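A short write-up of the structure that comes next.
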Protein chains: 2
Amino acid sequence: MSLTADAADQPTLYKRIRADIEKRILTGEWPPGHRIPFEHELVARYGCSRMTVNKALSELAQADLIERRRRAGSFVRRPQHQSAVLKIADIRAEITALGRAYGYELIGRKLRAATAADRDRLGVKKAGKVVAITCRHSADNVPFAVEDRLIDLASVPHAATADFSREPPGSWLLHHVPWTEAEHTISAIVADDRTAEALDIAVGAPCLVIDRYTWRSARTITAVRLLYPGDSHRLVARFKGG
Amino acid sequence: MSLTADAADQPTLYKRIRADIEKRILTGEWPPGHRIPFEHELVARYGCSRMTVNKALSELAQADLIERRRRAGSFVRRPQHQSAVLKIADIRAEITALGRAYGYELIGRKLRAATAADRDRLGVKKAGKVVAITCRHSADNVPFAVEDRLIDLASVPHAATADFSREPPGSWLLHHVPWTEAEHTISAIVADDRTAEALDIAVGAPCLVIDRYTWRSARTITAVRLLYPGDSHRLVARFKGG
DNA sequence: TACGATTATATGTCTAGACATATAAGTCAA
DNA sequence: TTGACTTATATGTCTAGACATATAATCGTA
């Protein structure tokens with residue numbers, strides 16, 4: 001065995017190599033543009049095979065921390081802090097995670113042929129049936145968010161008969177539609193009469209708006225608008241360098 | 001050779017395996033909980049070594065599309081669509097990308113000993129000097145966002161002498177501080193007098209607020225608050241399943 | 001000087017093995 | 001039925017090679 005490791009190496013070797021390099025990048029010891037040691041140098045330094053250091057470097061490349069260029073070497077990338085991971089939790093999960101009591105209330109549910117506005121909102125061209133749902137989520141009996149959702153029955157026929165009086169449509173979809181892609185748009189509005197009443201806030205108070213459009217392999221599933229009281233709700237997006 | 005491949009396989013084998021599996025997950029053919037074929041089965045199917053299928057599966061696991069469990073196998077994960085990638089672009093880049101003329105205006109700059117409020121905002125305990133900057137970004141001469149920033153001089157001493165009358169502090173920092181981590185908080189407020197004037201909107205109009213807190217290896221770099229007119233600005237977060 | 005051909009080299013992918021290890025599943029006893 | 005023990009097995013990590021390929025550097029030539 002040519003393992004030069006210290007007695008107790010908790011993580012595996014390739015993870016240690018990965019962590020070593022990541023630390024030097026994150027502390028600024030190796031600034032953007034700096035060339036990482038060549039694979040064969042790392043092989044010598046750690047006394048392992050090339051596949052092992054290659055795995056470490058490949059993962060760093062996949063995480064966008066470094067850039068690998070044939071013949072030239074591997075280089076620390078310039079941070080693109082325009083992208084951050086935004087946590088948009090399932091509302092029930094979010095509220096219970098805060099240790100508060102989750103409440104749900106169905107305000108309205110309609111099954112109808114898609115109107116022009118519906119089709120526009122879902123981004124579909126063909127006419128078809130949709131379910132329109134309005135409901136409210138609360139935390140400790142205080143209104144937390146109101147939800148206005150459209151489900152395309154052509155994509156999710158089962159939703160026609162689902163009982164949304166108990167289960168929020170978001171949770172129902174999460175359990176009945178396998179895997180989706182989504183796009184979120186975040187904006188701010190002031191509460192109109194209807195919103196103010198639903199959220200129990202003053203007319204003209206700020207609201208955070210999340211519009212989510214969900215599809216699976218080019219098929220629309222659902223479009224939803226969530227309204228939060230803007231001064232009490234916050235979205236947190238964390239960027240971690242890797 | 002038992003390669004079931006079509007004649008021309010452009011990508012490498014492990015990428016094809018990865019793409020094959022990803023497609024089945026994204027189309028719903030393999031729903032959450034479904035067991036992916038064992039490595040030795042994929043080895044037989046693709047006629048390659050285990051390391052090759054292992055690389056494909058490892059990448060899918062790193063992307064959270066599947067979960068690997070020793071002795072049990074690999075399984076399609078339940079989509080956690082609470083996480084999405086939020087693009088928070090450098091404002092100048094964002095505006096020029098829209099094909100509009102970028103404008104920048106320094107409103108105020110102060111170098112001072114950190115007040116209690118400053119220390120609280122930066123999350124530091126020790127007293128020290130800070131630079132406080134207020135500025136405005138515009139697109140086609142229309143106010144786009146106002147920025148209120150604090151830079152910790154203990155971490156970025158160079159910022160004391162930087163010229164922020166031409167270059168926005170965000171761009172300056174991006175080029176002078178190597179690699180950082182950040183946390184963003186998004187909320188909504190209504191414009192007060194000062195904000196309304198700076199953004200040229202009505203008092204009481206909705207504003208989108210982004211608070212960004214940036215650090216490098218436990219050292220605070222900067223804290224910034226960006227205010228956007230809420231009805232004209234939208235943040236887009238896209239979730240891609242992998 | 002500029003441009004085209006050649007060469008050296010770092011990464012990209014892959015193999016056919018190996019041993020480690022967590023754990024699902026089966027076995028047996030209390 | 002329950003708990004403790006054993007076993008089988010799928011993944012996790014690693015090796016010592018191999019050939020492919022893009023490209024930076026060098027060299028030669030117009």
Side-chain angles (χ1 to χ4, degrees), chain A residues 1-22 25 30 32-77, chain B residues 1-22 25 30 32-77:
Chain A
M1 289 300 119
S2 64
L3 275 190
T4 64
D6 312 336
D9 43 355
Q10 206 128 6
T12 56
L13 181 51
Y14 94 86
K15 280 182 182 162
R16 223 185 70 215
I17 299 172
R18 185 191 194 287
D20 281 359
I21 295 169
E22 189 168 332
I25 294 173
W30 288 349
H34 177 92
R35 211 203 73 230
I36 305 286
F38 294 130
E39 291 189 351
H40 66 84
E41 293 176 296
L42 292 169
V43 161
R45 165 133 62 200
Y46 289 95
C48 61
S49 83
R50 192 165 78 87
M51 276 301 282
T52 302
V53 307
N54 183 283
K55 180 160 185 173
L57 293 178
S58 292
E59 287 194 4
L60 288 169
Q62 211 188 328
D64 272 343
L65 264 170
I66 67 171
E67 185 189 348
R68 314 200 71 196
R69 291 207 301 272
R70 271 185 149 113
R71 166 70 211 246
S74 301
F75 301 84
V76 178
R77 288 194 57 149
Chain B
M1 286 299 123
S2 65
L3 272 191
T4 64
D6 312 337
D9 43 355
Q10 205 128 6
T12 57
L13 182 51
Y14 94 86
K15 280 183 182 162
R16 223 186 70 214
I17 299 173
R18 186 191 194 286
D20 281 358
I21 296 170
E22 189 168 333
I25 294 173
W30 287 348
H34 176 92
R35 212 204 73 231
I36 305 284
F38 294 130
E39 290 190 351
H40 66 83
E41 294 176 294
L42 291 169
V43 161
R45 166 135 61 198
Y46 288 95
C48 62
S49 81
R50 193 164 77 88
M51 277 300 281
T52 301
V53 307
N54 184 283
K55 180 159 185 175
L57 294 178
S58 294
E59 287 194 4
L60 288 169
Q62 211 188 328
D64 272 343
L65 265 169
I66 67 172
E67 184 189 349
R68 313 200 72 196
R69 291 207 300 272
R70 271 183 147 113
R71 165 70 208 246
S74 302
F75 301 84
V76 178
R77 288 195 56 152

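In what follows, chains are A, B, ... by sequence order, proteins preceding strands, each numbered from 1. Computed from a predicted model, the values in this text were never measured in an experiment. All heavy atoms count here, side chains included; hydrogens, waters and symmetry mates do not.
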Report the residues that fulfil ring pair (Phe, Tyr, Trp, His ring centres under 6.0 Å) with F75(A), sequence neighbours left out, ordered by chain and then residue number.
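By the ring pair (Phe, Tyr, Trp, His ring centres under 6.0 Å) rule, F75(A) matches no residue at all.
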Mind checking side chain to side chain contact (heavy atoms under 4.5 Å, CB included) for [X] and listing every partner two or more places apart, or none if nothing turns up?
X: H40(A); value: F38(A)
X: D20(A); value: Y46(A)
X: E59(B); value: Q62(A), Y14(B), R18(B), K55(B)
X: A61(B); value: I66(B), R68(B)

Shortest non-hydrogen contact from C48(A) toward V53(A)
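For C48(A) and V53(A), the tightest heavy-atom pair comes out as SG-CG1, 3.7 Å.
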Rounded to whole angstroms, how far apart are [atom1] on [X] and [atom2] on [N]?
X: L13(A); N: dC19(C); atom1: CG; atom2: C1'; result: 15 Å
X: R18(B); N: dT13(C); atom1: CZ; atom2: P; result: 12 Å
X: E67(A); N: dA22(D); atom1: CD; atom2: C1'; result: 14 Å
X: L42(A); N: dT15(D); atom1: CG; atom2: P; result: 13 Å
X: Y46(B); N: dT15(C); atom1: OH; atom2: C1'; result: 19 Å

Would you indicate, yes or no, if [N] has its OP1 or OP2 atom less than 4.0 angstrom from a side-chain nitrogen or oxygen of [X]?
X: K15(B); N: dG12(C); answer: no
X: K55(A); N: dC14(D); answer: no
X: S49(A); N: dG17(D); answer: no
X: T52(A); N: dT15(D); answer: yes

Give me the distances for all protein-to-nucleotides 8-11 of chain C N/O pairs that come in under 3.5 Å?
| residue | atom | partner | partner atom | Å |
| --- | --- | --- | --- | --- |
| dA8(C) | N3 | R71(A) | NH1 | 2.7 |
| dT11(C) | OP2 | E39(A) | N | 3.0 |

